2 protein chains.
Amino acid sequence: MKTLKISEAVVRRLPIYLRHLMELKQREVLTVSSQDLGQKLDLNPAQIRKDLAYFGDFGRKGIGYDVSYLIEQIRHILKLDQEVHVGLVGAGKLGHALCNYSVYLNDNMKIVAVFDAMPNKVGSQINNLTVMAMDDLRDTVRRLNIRIGIITVPAPEAQHVADQFVEAGVEAILNFAPVILKVPSHIRVHAADFTTDLFSLAYYLQEEDGKEKVENGETVNHS
Amino acid sequence: MKTLKISEAVVRRLPIYLRHLMELKQREVLTVSSQDLGQKLDLNPAQIRKDLAYFGDFGRKGIGYDVSYLIEQIRHILKLDQEVHVGLVGAGKLGHALCNYSVYLNDNMKIVAVFDAMPNKVGSQINNLTVMAMDDLRDTVRRLNIRIGIITVPAPEAQHVADQFVEAGVEAILNFAPVILKVPSHIRVHAADFTTDLFSLAYYLQEEDGKEKVENGETVNHS
DNA sequence: TAGATTGTTAATCGATTAACAATC
DNA sequence: TAGATTGTTAATCGATTAACAATC
């Protein structure tokens, strides 16, 4: 069992493994090979074995991986076996949508508080949560042990919100605003801005008229 | 000016450069160095220069990059200087939210049609768009020249929607559903599922009790 | 001219893949 | 036993970073 230096690329694949394993479990599949997984997830089987081997010897030679056991292990690695409270700032459409997705989230990971800077939003209901004022953020984060913050405010306000999250003691931030946040190095930030994705997709569109960039059709590797 | 094999990593950084350059332009900054950009965007200046140099000699030695000119160039590279029509399937909260973000999108990239499989959603209004039935997808994609499809339906329906997008002739897909889509190799798919992000964030949380995984605190490189 | 900054080559670093002995 | 499949080492591939001549 290795310990040190697990790369972000590896960690980002774990939820993808987990998600598919849960589906297999639901279909009552008992065992799965790295071959099978690779096929389904479009990944190299050796990579999957290597990823998992960073954390333990989860498989059995000649057999594969026990689906339930592997789920349990990955859930532990990702700390999804403990309660993780999430707070969200920005009670707009997107914030609303994410709160609803909450249902899809793991039982242990849930959005427990929603905040907004607009006075007219404060007090309104989202599912079973009442939108709170930003003034309540700091105390609420501490009181409810909120460890992850989600930011769904417009870009110009995102940095300020991040600062407040950090101040309040959040450990990680998922940022939907299209800005690069400046935070202390011990805070983990993941960018979830969909415009970046969408704009980079446009690059791969075929040239409208066949006149230039012919080379792209051949060189670009569609995955 | 290089041509071949521009990696996905490079393409994904272009929208980030663009975004910051637009901000600079708004602040009437005329010129920017790779140094400055790197500082703001948390990237290595050499990497920025190399990224840009794949597409042309946009900078001036001793001076830096002309902000307006570089914006123009990146917009061209990303094809944001042409009209790109986008279609969206799944008129739920998330779909709604993305349609609203449309305002933030580039003028030339816009969501021009929304579809939903639920009969009770069909006919309702989202901004200035009327939600259409799935039966209309194929014809509408062709009629309106929709080139990018966005999927915001529940996971079990996502593959079917993708199939229909592909059949209709869409060139790229932005998928918010937590599944790996199977599409022909000439179709580009970007995953935009936020649960993956959120789950991988949980990995980086501190251990609740100080008993195990001490190594993480030291080895993990927070970016 | 002196200082700044590019574009680019070479060096480094890290991640993916292939290959295979171990073993179920 | 024969076939399948892991965990792991070694080879490959690709991306990032450092360094520097060219030049504004």
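Note that the coordinates shown come from a computational prediction; the quantities given were computed from them, not determined experimentally. So you know, we letter chains A, B, ... as the sequences are listed, proteins then strands, and number each from 1.
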5'-to-3' dot-bracket of DNA chain D (Watson-Crick, G-U; under 3.5 angstrom; crossing pairs as [ ]; | other strand): ..||||||||||||||||||||||
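Judged purely by atom type and a 3.5 angstrom limit, Glu171(B) uses its side chain to pair as donor or acceptor with the backbone of Gln206(A). Looking only at distances, no side-chain donor or acceptor of Gln73(A) sits under 3.5 Å from a matching main-chain atom of Phe58(A). Looking at Lys79(B), its side chain does come within 3.5 Å of a backbone N or O of Tyr203(A) through a donor-acceptor pair.
Using a 3.5 Å distance cut-off with no hydrogens or angles, the side chains of Gln164(A) and His160(A) do pair a donor with an acceptor. Side-chain contact, His76(B) with Asp81(B): a donor N or O sits under 3.5 Å from an acceptor N or O. A side-chain donor-acceptor contact under 3.5 Å links Arg147(B) and Gln82(B).
Annotation: salt bridge (charged side-chain N to carboxylate O under 4.0 Å, His left out) contacts of Asp197(A) (sequence neighbours excluded): Arg12(B). With sequence neighbours left out, Leu41(B) forms a side-chain contact (heavy atoms from CB on, under 4.5 Å) with Ile180(A), Ile16(B), Tyr17(B), His20(B), Leu37(B), Leu43(B). With sequence neighbours excluded, the residues that form a salt bridge (charged side-chain N to carboxylate O under 4.0 Å, His left out) with Glu167(A) are Arg138(A). The side-chain contact (heavy atoms from CB on, under 4.5 Å) test applied to Asp66(B) returns Ser68(B), Tyr69(B), not counting sequence neighbours. Not counting sequence neighbours, Asn108(B) has no partner by the side chain to side chain donor-acceptor pair (under 3.5 Å) test. Listed by chain and residue number, nothing satisfies the salt bridge (charged side-chain N to carboxylate O under 4.0 Å, His left out) test with Arg142(A) (two or more places apart in sequence, or in another chain). Remark: Gln159(B) engages Ala162(B), Asp163(B), Leu181(B), Lys182(B) in a side-chain contact (heavy atoms from CB on, under 4.5 Å) (not counting sequence neighbours).
Between Phe55(B) atom CZ and dT8(C) atom P there is a gap of 14 Å when expressed in whole angstrom units. Rounded to whole angstrom, the span from the CD1 atom of Ile48(B) across to the C1' atom of dT5(C) amounts to 13 Å. Here dC24(C) presents its P atom at 14 Å from OH of Tyr65(A), a figure rounded to the nearest Å. If you measure from atom CG of Asp66(B) to atom P of dT6(C), you get 13 Å, rounded to the nearest angstrom.
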Extract from the structure each pairing of a protein N or O with an N or O of nucleotides 17-19 of chain D at less than 3.5 Å, listing the distance.
from: dA18(D); atom 1: OP2; to: Asn44(B); atom 2: ND2; distance (Å): 3.3
from: dA19(D); atom 1: N6; to: Arg49(B); atom 2: NH2; distance (Å): 3.2

Which atom pairs link the protein and nucleotides 12-14 of chain D when you take only N or O atoms and keep those under 3.5 Å?
none

Protein-nucleotides 21-23 of chain C N/O pairs closer than 3.5 Å?
none

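In terms of position on DNA chain C, the residue among Val10(A) and Ile63(B) whose nearest nucleotide sits closer to the 5' end is Ile63(B).
For the OP1/OP2 pair of dA15(D) and a distance below 4.0 Å, the side-chain nitrogens and oxygens of Arg13(B) include no atom meeting the criterion.
Checked for salt-bridge contact, Glu23(B) and Arg19(B) miss the test: no charged N lies under 4.0 Å from a carboxylate O. With respect to the salt-bridge test (charged N to carboxylate O, under 4.0 angstrom), the residues Asp51(A) and Arg13(A) qualify. Arg188(B) and Glu8(B) are joined by a salt bridge, as a carboxylate oxygen and a charged side-chain nitrogen come within less than 4.0 angstrom of each other.
Contacts of residues 26-36 of chain B with DNA chain C (heavy atom under 4.0 Å): Ser33(B), Ser34(B).
Set against dC24(D), dC24(C), dG7(D), the side chain of Ala53(A) has dG7(D) as its closest nucleotide.
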